[in-house]
There are 2 protein chains.
Amino acid sequence: MIYADRMPVTVLLVDDEPLVRAGLRAVLEAQPDIEVVGEAADGAAVIPLVRQLRPDVVAMDVRMPLLDGIEATRAVLRTVADPPKIVVITTFENDEYVYEALRAGADGFLLKRARPAEIVHAVRLVAEGESLLFPAAVRELAGAHGRLRGNPDAVAALERAALTGREEEVLRLMARGLSNAEIAARLVVGTETVKSHVSSLLAKLGARDRTQAVITAYESGFVAPG
Amino acid sequence: MIYADRMPVTVLLVDDEPLVRAGLRAVLEAQPDIEVVGEAADGAAVIPLVRQLRPDVVAMDVRMPLLDGIEATRAVLRTVADPPKIVVITTFENDEYVYEALRAGADGFLLKRARPAEIVHAVRLVAEGESLLFPAAVRELAGAHGRLRGNPDAVAALERAALTGREEEVLRLMARGLSNAEIAARLVVGTETVKSHVSSLLAKLGARDRTQAVITAYESGFVAPG
DNA sequence: GATCGTCTCCCCCGTGCGGGGGAGCCGGGC
DNA sequence: GCCCGGCTCCCCCGCACGGGGGAGACGATC
């Protein structure tokens, strides 16, 4: 493929770790059709930079000290006219922050440990308006080709369930092995509240216990393995 | 099991955090058959200490200021005759440094948040040159530089676990959502037997409960969704 | 013969889990 | 205005789960 005859894709890097920024810059700058036009260490600095630099793509960490990637994404999309595409960067798969960011309007995400070629690919795709949303695209990117979308029964169970937002959050955390108390701490609510959500989602999913619920989550592709 | 009649296993601790060293020392010294013979705060100090103390096992942090665990591992294996076994210590699962260290010749790894019993277990097994560790399989996977079929940590956890045939059967049934009683019925054994297998397998996988074990099963590809 | 690991089963015991109920608060929709 | 769904928190309660032990039977290995 030849990209050199197109306008280069301009990218703004936003990550609190200089090391990560340097790595991304090295990877992306190695491409003739990609240009890193700026860097920021926190979400708070993003908006003025976006206004000034007008990048095609913002590669943004989700976890940052002052203003995280979720809020920054919302802020950019809310306040900037003709906003750039936003790719959120994360260390962990199954990072619930990522889902928040995607809900906030991000166009895709990538893992820090992805291979250079995958990162480049992701940036190009997003720049072209292709939005890499959830598992299927990720698996494709990750090269774990061939995996199915999910067990139809499990998918159906999840769709029928019509979980509320909070229930989905709880299920994601359950699927990462957290206990009720740990989930409560993470969501900053009482354990009784978590138990309430758990009971509710178990009933909706037709699961007898949390283990069966997590199985359904995996089988349906609601959470993605590796 | 009685260990006291054997020669004690001698251990050298290498970690830049004094707190971690203290914790490891406390855990290991509580065992009659394990003796902590020295400590170092950085990889750079390891080689002379290894020459002087001749420990059976070096428990080494991967991330250290001057000389990290990867380079230190290489250095020890390259320059010391009849080198000790090396266990790398890490805070994070999904730590690519760990895989680097394994490629460099480390014999195993453990998470800082592992339970004392697991840490002790790991040190003993490594000291015995036993199969706890990453046999060829993991090193191969790590060296294949490629994507694995699953989350590397989960794969590693399963490899390291070395589950018995029965334990694997039980894990598969757990991963299908069966309760202990149901598994017992399926395998035509008593529920106490199943509980015994479950406890054993949880310990080996480093899982706190059956849900975490099932997650590991999915993440590693031990059971496949869909 | 002695040792070891696996599989089997048993005990006690604490607790996290999940069921079943209820209740207050808030925002949106009728 | 009222009602309803979602989120929050509370109670009681039974039980499966998991940790801590131990022990006998069997086969493989040394």
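Residue numbering restarts at 1 for every chain, and letters A, B, ... go by the order of the sequence lines.
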Taken to the nearest whole Å, CD/A/Glu169 to P/D/dG6 is 15 Å
Are the side chain of B/Asp61 and the backbone N or O of B/Val14 linked by a donor-acceptor pair below 3.5 Å?
-> no
Among C/dC7, D/dT8, C/dG18, which nucleotide sits nearest the side chain of A/Ser199?
-> C/dG18
Protein-nucleotide distance (A/Lys204, atom NZ; C/dG18, atom P), rounded to Å | 17 Å
Rounded to the nearest 0.5 Å, how far does CZ of A/Phe222 lie from CG of A/Leu205?
-> 9.0 Å
Consider the side chain of A/Thr164, meaning its heavy atoms from C-beta on, and name the nucleotide among D/dC9, D/dG18, D/dC7 that approaches it most closely.
-> D/dC7
To the nearest angstrom, how far is A/Ile183 atom CD1 from D/dC7 atom P?
-> 15 Å
Starting at the 5' end of nucleotides 25-30 of chain C, put B wherever the base has a protein heavy atom under 4.0 Å, S where only the sugar-phosphate does, and a dash everywhere else.
-> ------
Distance col, row B/Met60:CE vs B/Ile70:CD1, nearest 0.5 angstrom, shows 10.0 Å
State whether the side chain of B/Arg54 and the backbone N or O of B/Thr10 hold a donor-acceptor pair below 3.5 Å, judged by distance alone.
-> no
B/Ala72 and B/Gly43: which non-hydrogen atoms are nearest, and at how many Å?
-> CB-CA, 3.9 Å
A/Ala75: partners by side-chain contact (heavy atoms from CB on, under 4.5 Å), with sequence neighbours left out = A/Ile47, A/Arg78
Nearest 0.5 Å, what's the OG1-CG distance between B/Thr216 and B/Leu171?
-> 8.5 Å
Of the residues in residues 191-198 of chain A, which ones touch DNA chain D at a heavy-atom distance under 4.0 Å?
-> A/Glu192, A/Thr193, A/Ser196, A/His197
Helix axis bend for the helix from C/dG1-D/dC30 to C/dC30-D/dG1 - C1'-based end axes, five pairs, 10° rounding = 40°
Whole angstrom is fine here: how far is it from CG in B/Leu202 over to P in C/dG16?
-> 16 Å
Could you state the interatomic distance from CD (B/Gln52) to CG (B/Leu12), rounded to the nearest 0.5 Å?
-> 10.0 Å
Just by distance, do the side chain of B/Asn180 and the backbone of B/Ile183 share a donor-acceptor pair under 3.5 Å?
-> no
Determine: side-chain N/O of B/Asn180 to OP1/OP2 of D/dA16, distance under 4.0 Å, yes or no.
-> no
Separation between CZ (A/Arg210) and OG (A/Ser179), nearest 0.5 Å, reads 7.0 Å
Electrostatic pair A/Arg172:A/Glu169 at N-O distance under 4.0 angstrom | no
Could you state the atom-to-atom distance from CG of A/Leu201 to P of C/dC17 in whole Å?
-> 13 Å
Which atom pair, heavy atoms only, marks the closest approach of B/Arg186 to B/Leu178?
-> NH2-CD2, 3.8 Å
Nucleotide D/dA16, atom P - distance to CG of B/Asp209 in whole Å = 17 Å
Indicate whether OP1 or OP2 belonging to D/dG18 is found under 4.0 Å from a side-chain N or O atom of B/Arg208.
-> no
Report, as a single string ordered 5' to 3', how protein heavy atoms within less than 4.0 Å touch nucleotides 24-30 of chain D: B base, S sugar-phosphate only, - not at all.
-> -------
Please report, rounded to the nearest Å, how far the P atom of C/dT6 is from the CD atom of B/Glu167.
-> 7 Å
Round to the nearest Å and state the distance from B/Glu168 atom CD to C/dT6 atom P.
-> 12 Å
Can you give the donor-acceptor pairs under 3.5 Å from side chains of residues 189-203 of chain B to other protein atoms, not counting sequence neighbours?
from	atom 1	to	atom 2	distance (Å)
B/Ser199	OG	B/Lys195	O	3.2
B/Ser200	OG	B/Glu167	OE2	2.5

Got a second to check how far B/Ile215's CD1 is from B/Ser220's OG, nearest 0.5 Å?
-> 11.5 Å
